[in-house]
There are 2 protein chains.
Amino acid sequence: MRAEPGRSVTSKVLALLDAFSPATPALTLSELARRTGLPLSTVYRRAAELVAWGALERGDDGRYRIGLRLWEVGSLAPRGLGLRELALPVMEDLYEVTHENVQLAVRQDLELVFIERIAGRHAVPVLTRVGGRFALHATGVGLVLLAHAPAEVQEQVLAAPLERYTELTITDPGRLRRCLAEVRRVGYAVSDRQVTMDALSVAAPIRVPEGVVAAISLVVAHDRADPVALAPLVQAAGRVVSRALNSSHQG
Amino acid sequence: MRAEPGRSVTSKVLALLDAFSPATPALTLSELARRTGLPLSTVYRRAAELVAWGALERGDDGRYRIGLRLWEVGSLAPRGLGLRELALPVMEDLYEVTHENVQLAVRQDLELVFIERIAGRHAVPVLTRVGGRFALHATGVGLVLLAHAPAEVQEQVLAAPLERYTELTITDPGRLRRCLAEVRRVGYAVSDRQVTMDALSVAAPIRVPEGVVAAISLVVAHDRADPVALAPLVQAAGRVVSRALNSSHQG
DNA sequence: CTCAGCCTTTCACCCAGTGAAAGCTCCGGT
DNA sequence: ACCGGAGCTTTCACTGGGTGAAAGGCTGAG
């Protein structure tokens, strides 16, 4: 048969990678075809090439999974492992002082991506996953990243419906706008039970000369927390990472 | 001009990703073209598509870098972050007991890839990088992974020249073969100054029913070390991770 | 000013990629 | 054993997405 007016080959390859998610890390050939909307034979050939390179791996069960080679390449992302390497020692210090959850995130488009997490054994359990995404308007890190994002990004987030996670989540654009102004003024953000009813987070920005590139936060049980006491700790950690970032950039 | 008999589009896309390495995490368009051997215009178009998707990012300096989107997808690799999530708590325990470097690695073809590392502040500095590769015949984790690799893999490694890192590196195939047998017999590996003259590592396997999928190790200063005393600790950690792996597989 | 280096766009050509369909393999049911 | 179904692999004639040389921009150095 003749080739229908189609998408570019590259977009098909990337669509295959897109099909994988934390909820579905292993897919059969037919599932891949269904998710991408591509013919089975096309998926078969593209997937075979990706397996040969190592971007995908094929298990004994015949399912495709993301391959280690892709993890290797992905680990070269400056905002991924690069940032993590600099921030991890600081995060460990923060953990030793508080024994609470410590998180590191960056903004990607209109969401945030968690880069690293130290999960305190005896701290409140967090549902986030390293490599996972989340909305910007609820978490502490999200509020910090949004407050220092370009005006255009802020407007886009404020224009869209703000998902409600708990009864305390800010869903009113006007209130969110005032909250962001306050975050910029005081230099840190507090998200009190705005994601789950048992947790509170305090977040501070990580800066380079061009602006805020990441945020670091403590997530604690809401009834055990004194945000005002924690804020200086988190801010100090943010400043230490900022300094490390700037010197690594220049040097 | 007419299209020359060329490589597949997918292979060109993957060649672009291959061009990036820890030593060269940021490349200009011309550098990419030089490294891949592809014409400038081809690289330009493929790179533009990758940027649009987020696999690459383009800095203010015009250079291309690995994008956060690729890091996100890569983080779904079961042998990458998946393994890491299970092993990290155990690695932290091992660190708390010893305050030495703790490493986690898997085998990829004829090399090993470091999945995670806890770098002890006051421990001997290690030169490895998370996401980095290394030969199988020198490090503790490498010896464990090689000792339990398929016979075919072992033969390929033994057939190739064994690179020498220090005067104690095993470069004789016969000696390496006997060393691997010993590793299998005792259930752990010791690499004494076989990578650098100041460090010694003790490594133990992480098993699933199908075989050994990863290795965990302690790296300590060689003059402060008692391998025989450390081995049970590392082996115990390996067993704990093995158990976690197996239960997560089934459940 | 010119030159050199690098990035971007154009354009006519054509081969890598396409997708329906046939073939294959492995199950589980009868 | 036989059949039917589900999923994977391969074939084949056709074609549009990809190609790369070359021209056009854009900087910054000399």
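Proteins come first, then strands; the chains are lettered A, B, ... in the order of their sequence lines, and each starts at number 1. Hydrogens, waters and symmetry mates are skipped; everything else that's a heavy atom, side chains included, is used.
- Within the structure, the side-chain hydrogen bond (donor to acceptor under 3.5 Å, both in side chains) test picks out the following pairs touching residues 104-116 of chain A (sequence neighbours left out): A/Arg79-A/Gln108, A/Arg84-A/Glu116, A/Glu111-A/Arg133, A/Glu116-B/Arg84.
- For the OP1/OP2 pair of C/dT18 and a distance below 4.0 Å, the side-chain nitrogens and oxygens of A/Lys12 include at least one atom meeting the criterion.
- Each salt bridge (charged side-chain N to carboxylate O under 4.0 Å, His left out) pair with one or both residues in residues 135-145 of chain B, not counting sequence neighbours, would appear here, but there are none.
- Residues satisfying the side-chain contact (heavy atoms from CB on, under 4.5 Å) criterion with B/Asp61, sequence neighbours excluded, are B/Arg63, B/Arg65.
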Show me the side-chain donor-acceptor pairs of residues 36-44 of chain A shorter than 3.5 Å, one per line, residues at least two apart or across chains.
unit_1, atom_1, unit_2, atom_2, d
A/Thr36, OG1, A/Leu32, O, 2.8
A/Thr36, OG1, A/Ala33, O, 3.4
A/Thr36, OG1, A/Leu38, N, 3.4

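- Applying the salt bridge (charged side-chain N to carboxylate O under 4.0 Å, His left out) test to pairs two or more places apart or on separate chains, those with a residue in residues 44-55 of chain B are B/Arg46-B/Glu49.
- Taking atom CG of B/Asp61 as the reference point, atom C1' of C/dG5 lies 16 Å away to the nearest angstrom.
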> With the sugar-phosphate defined as primed atoms, P, OP1 and OP2, and the base as all remaining atoms, what B/S/- string results for nucleotides 24-30 of chain D, 5' to 3', for protein heavy atoms under 4.0 Å?
Replying inline: -------
Atom pairs, N/O to N/O, protein against nucleotides 7-11 of chain D, distance under 3.5 Å?
unit_1, atom_1, unit_2, atom_2, d
D/dC8, OP1, A/Leu29, N, 3.4
D/dC8, OP2, A/Ser30, N, 3.0
D/dC8, OP2, A/Ser30, OG, 2.4
D/dT9, OP1, A/Arg58, NH1, 3.4
D/dT9, OP2, A/Arg58, NH1, 3.0
D/dT9, OP2, A/Arg58, NH2, 3.4
D/dT9, O5', A/Tyr44, OH, 3.3
D/dT10, OP2, A/Tyr44, OH, 2.9

Donor-acceptor contacts under 3.5 Å from residues 137-152 of chain B side chains, at least two apart:
unit_1, atom_1, unit_2, atom_2, d
B/His137, NE2, B/Glu163, N, 3.4
B/His137, NE2, B/Glu163, O, 2.7
B/Thr139, OG1, B/Gly142, N, 2.9
B/His148, ND1, B/Val144, O, 3.0

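- In this structure B/Val241 satisfies the side-chain contact (heavy atoms from CB on, under 4.5 Å) test together with B/Ala87, B/Val90, B/Ile206, sequence neighbours excluded.
- Between its opening and closing five pairs, the helix from C/dC1-D/dG30 to C/dT30-D/dA1 changes axis direction by 40°, a value rounded to 10 degrees.
- With sequence neighbours excluded, the residues forming a side-chain contact (heavy atoms from CB on, under 4.5 Å) with B/Pro22 are A/Leu76, B/Arg129, listed by chain and number.
- A/Arg46 comes within 4.0 angstrom of the backbone, heavy atoms only, and of no base.
- Remark: A/Glu31 does not engage A/Arg34 in a salt bridge, criterion side-chain N to carboxylate O under 4.0 Å.
- Taking A/Leu110 as the reference, A/Val153, A/Gln156, A/Val157 meet the side-chain contact (heavy atoms from CB on, under 4.5 Å) condition, with sequence neighbours excluded.
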